[in-house]
Amino acid sequence: MSIEENKSDFGAGLLRWYRRVRRDLPWRRSRDPYHIWVSEIMLQQTRVDTVIPYFNRFMDRFPTVGHLAEAPEEDVLKHWEGLGYYSRARNLQSAAREVVEEYGGVMPRTKQEVAGLKGVGPYTTGAILSIAYNQPEPAVDGNVMRVLSRYFCLEDDIARPATRIGLEELAKELIPEGEAADFNQALMELGAMVCTPKSPSCTECPVGELCAGRLQGKERELPVKTKAKKARPVFRFAALIAGTGSHAGKVLVRQRPETGLLARMWELPHIEVPDEEAWDEPAAGIPLLEDGLAEDGVRIKATERIAGEAQHIFTHLVWNIKVLEAAALDEQYVADRTAYRWVGAEEFEDYAWPNVFRKLLTEYFIHQIK
DNA sequence: AAACCGGGGTT
DNA sequence: AACCCAGGTTT
């Protein structure tokens with residue numbers, strides 16, 4: 001069999017399989033480029049099952065690109081809460097405003113224009129063009145890299161950008177005439193449902209008979225991917241500052257900076273300590289916490305009493321947080337700080353929280369009611 | 001090329 | 001505990 005025959009058999013076999021087993025997903029019920037776009041941004045590094053409820057809520061609240069462009073940023077962030085990679089949400093809204101201003105509210109159709117939208121890289125560009133417009137552009141994500149590496153028995157390191165570019169050229173050649181939308185989704189569906197990372201179901205694979213990786217017994221060794229570094233642990237003390245008087249029942253929280261980790265999310269005020277030894281001794285944390293918040297103009301008195309403890313795991317970082325009970329010295333002054341606010345159980349849901357602070361504060365407010 | 005950017009499910 | 005997920009941006 002020639003290479004060209006193998007390529008056309010691959011496409012035909014995959015398409016037949018996909019049309020038989022494709023999952024009924026919310027964004028597959030539409031070809032509206034806005035729906036496709038939002039789903040693809042949400043699906044970046046995020047599983048289908050996780051995205052479904054977020055996608056439905058988002059479309060309910062922001063049904064068109066115009067609605068998204070007009071919304072307050074905090075409203076968008078709130079609808080993204082818990083999904084992670086929050087710059088995706090800010091970039092998406094920024095790009096929605098660009099579509100309204102530059103393209104009259106109509107999604108662009110050319111590769112250059114789509115690729116120029118904030119938060120839209122090579123994969124998402126190909127996904128939008130192929131799925132919404134059936135344009136013959138490749139959409140190479142982690143699934144597709146794994147499937148193609150196995151099927152063609154390619155041992156290039158998929159962590160390298162050059163490998164992804166090569167696979168995009170290959171994936172483009174594989175698209176059957178006029179079938180870009182279904183073919184690209186079929187490739188990803190195969191990677192998600194059959195050609196899975198650890199133990200692929202080769203006996204159920206529609207193209208398993210033609211898979212070079214499997215024929216050489218290497219399906220479990222592919223794709224080759226260099227390992228990521230381990231997450232670095234950091235140690236922090238947070239302050240649980242309970243209000244009194246007019247702030248009774250409320251807790252002092254603050255908003256994170258505009259850029260960087262967890263940008264513009266809300267949190268308990270906290271500081272980092274140099275190492276685990278310092279973190280093991282809460283008494284040593286008291287002056288560090290007091291002085292750290294004083295730099296923001298927030299004067300508090302901290303105690304050794306532990307109000308909670310939590311761990312927050314990021315891709316490259318692990319936060320270990322001990323929460324110390326504390327009191328504010330100038331409540332009214334503190335309340336006037338822009339980045340700081342007193343928040344009670346009633347206002348809690350008006351803010352977007354990283355999961356670790358959502359858990360700690362929910363625990364506190366529940367305990368408070370008893 | 002490498003680092004940064006969440007959160008959760010699987011193995 | 002390691003790996004992965006419908007990746008993109010910044011350095």
Side-chain angles (χ1 to χ4, degrees), chain A residues 22-23 25-28 35-55 77 80-92 94-95 114-128 130-132 138-147 157-165 167-168 171 181 183-193 195-200 220 223 225-233 256-257 259-265 267 310-319 352-359:
Chain A
R22 67 191 294 232
R23 289 171 289 176
L25 303 173
W27 46 92
R28 284 185 179 162
H35 291 85
I36 305 302
W37 178 26
V38 171
S39 74
E40 290 301 340
I41 300 298
M42 286 188 171
L43 286 162
Q44 289 171 6
Q45 297 296 289
T46 311
R47 286 185 158 67
V48 166
D49 290 344
T50 305
V51 166
I52 290 172
Y54 282 90
F55 179 81
L77 198 57
W80 213 270
E81 184 190 64
L83 204 48
Y85 288 114
Y86 299 97
S87 65
R88 292 185 295 174
R90 296 184 59 203
N91 289 339
L92 178 61
S94 169
V114 171
L117 296 172
K118 198 161 289 184
V120 177
Y123 162 74
T124 308
T125 300
I128 293 172
S130 63
I131 299 172
V140 174
D141 67 347
N143 283 314
V144 175
M145 288 197 284
R146 183 173 59 253
V147 170
D157 179 4
I158 64 168
R160 292 175 53 229
T163 303
R164 196 209 71 227
I165 291 170
L167 289 173
E168 282 172 347
F183 176 75
N184 282 347
Q185 292 185 83
L187 263 181
M188 293 187 270
E189 191 86 345
L190 187 73
M193 306 302 290
C195 196
T196 52
K198 297 293 182 185
S199 46
R220 283 170 181 269
K225 185 179 183 181
T226 54
K227 289 174 184 124
K229 290 198 305 184
K230 263 185 63 178
R232 176 174 57 90
R256 294 181 60 80
T259 58
L261 191 67
L262 302 170
R264 292 199 181 177
M265 305 285 282
E267 65 181 7
Q311 194 176 54
H312 195 52
I313 301 171
F314 300 88
T315 305
H316 59 299
L317 222 50
V318 179
W319 280 2
W353 309 95
N355 266 1
V356 65
F357 294 111
R358 163 167 290 276
K359 282 175 193 163

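Within every chain, numbering begins at 1; the chains are lettered A, B, ... in the order of the sequence lines, protein sequences first and strands thereafter. What you see below is based on every heavy atom in this structure, not just the backbone, and it leaves out hydrogens, waters and symmetry mates.
Between A/H316 atom NE2 and A/K230 atom NZ the span is 15.5 Å, to the nearest 0.5 Å. Between the CG atom of A/D141 and the CG atom of A/N184 there is a distance of 9.5 Å, given to the nearest 0.5 Å. Atom-to-atom distance recorded for A/Y85:OH and A/Q45:CD is 5.5 Å, nearest 0.5 angstrom. One distance of note links CG of A/N91 with OH of A/Y86; it measures 14.5 Å at 0.5 Å rounding.
If you check B/dG7, C/dA6, C/dC4 against the side chain of A/P354, the one that comes closest is B/dG7. Distances from the side chain of A/R23 to the nucleotides B/dA3, B/dG7, C/dA6 place C/dA6 closest. Comparing B/dG7, C/dA6, B/dC5 by their closest approach to the side chain of A/N355 singles out B/dG7. Taking every side-chain heavy atom of A/Y86 into account, B/dG6 is the closest of C/dA2, B/dG6, C/dA6. Taking only side-chain atoms of A/H316, from C-beta outward, the nucleotide of C/dA6, C/dG7, B/dC4 with the closest atom is B/dC4. Side-chain proximity of A/P197 to the nucleotides B/dA3, C/dC4, B/dC5 is greatest for C/dC4. Side chain of A/P122, nearest nucleotide from B/dG7, B/dC4, C/dG8: C/dG8. Of the candidates B/dC5, C/dA2, C/dC5, B/dC5 carries the atom nearest the A/Y85 side chain, counting heavy atoms from C-beta on.
Atom NZ in A/K359 sits roughly 9 Å away from atom C1' in B/dG8 (whole-Å rounding). Note: CZ (A/F314) to C1' (C/dA1) measures 19 Å, nearest angstrom. For the pair A/N91 CG and C/dG7 C1', the computed distance is 12 Å after rounding to whole Å. Atom-to-atom, NZ of A/K198 to C1' of C/dC3 comes out at 5 Å; the value is rounded to the nearest Å. As rounded to whole Å, 9 Å separates atom C1' of C/dC5 from atom NZ of A/K225. Remark: P of C/dT9 and CD of A/Q44 are 8 Å apart, rounded to the nearest angstrom. Between A/I128 atom CD1 and C/dG8 atom C1' the separation is 13 Å, expressed in whole Å. Distance CD1 (A/I313) to C1' (C/dC4): 15 Å, rounded to an integer number of Å.
Backbone-only engagement by A/R146 is indicated by non-hydrogen atom pairs under 4.0 Å involving sugar-phosphate atoms exclusively. Here A/L262 lies in heavy-atom contact (under 4.0 Å) with sugar-phosphate atoms only. Counting any heavy atom pair closer than 4.0 Å across all strands shown, A/W37 reaches no nucleic acid atom. A/S87 comes within 4.0 angstrom of nothing in the nucleic acid, heavy atoms only. Residue-level contact check: A/T50 touches neither bases nor backbone, having no heavy atom under 4.0 Å from any strand. When heavy atoms are screened at a 4.0 angstrom cut-off, A/G191 is found touching no nucleic acid atom at all. Residue A/V120 is classed as a sugar-phosphate contact, given heavy-atom separations below 4.0 Å to backbone atoms only.
Using a distance-only test at 3.5 Å, with no hydrogens or angles considered, no donor-acceptor pair links the side chain of A/R358 to the main chain of A/W353.
Projected onto DNA chain B by closest heavy-atom contact, A/R160 and A/R88 fall at different nucleotides, the more 5' of which corresponds to A/R160. For the pair A/A115 and A/L25, nearest-nucleotide mapping onto DNA chain C gives the more 5' position to A/L25. A residue-by-residue look at A/R232 and A/A162 shows that A/A162 has its nearest nucleotide of DNA chain B further toward the 5' end.
Residue A/T124 places no side-chain atom within donor-acceptor reach of the base of C/dG8, judged by atom type and a 3.5 Å distance cut-off alone.
We find that A/R22 and A/E189 are not joined by a salt bridge, their nearest charged nitrogen and carboxylate oxygen being 4.0 Å or further apart.
Aromatic ring orientation, A/W319 versus A/H312: tilted (interplanar angle from 30° to 60°).
The shortest distance between the side-chain N/O atoms of A/R47 and the OP1/OP2 oxygens of B/dG7 is not below 4.0 Å. Residue A/H312 places no side-chain N or O under 4.0 Å from the OP1 or OP2 atom of B/dG6.
For the P atoms, the distance from B/dA3 to C/dA6 is 25 Å, rounded to whole Å. For the P atoms, the distance linking B/dG9 with C/dG8 amounts to 24 Å, nearest Å. Taking atom P in both C/dT11 and B/dG6, the straight-line distance is 15 Å, to the nearest Å.
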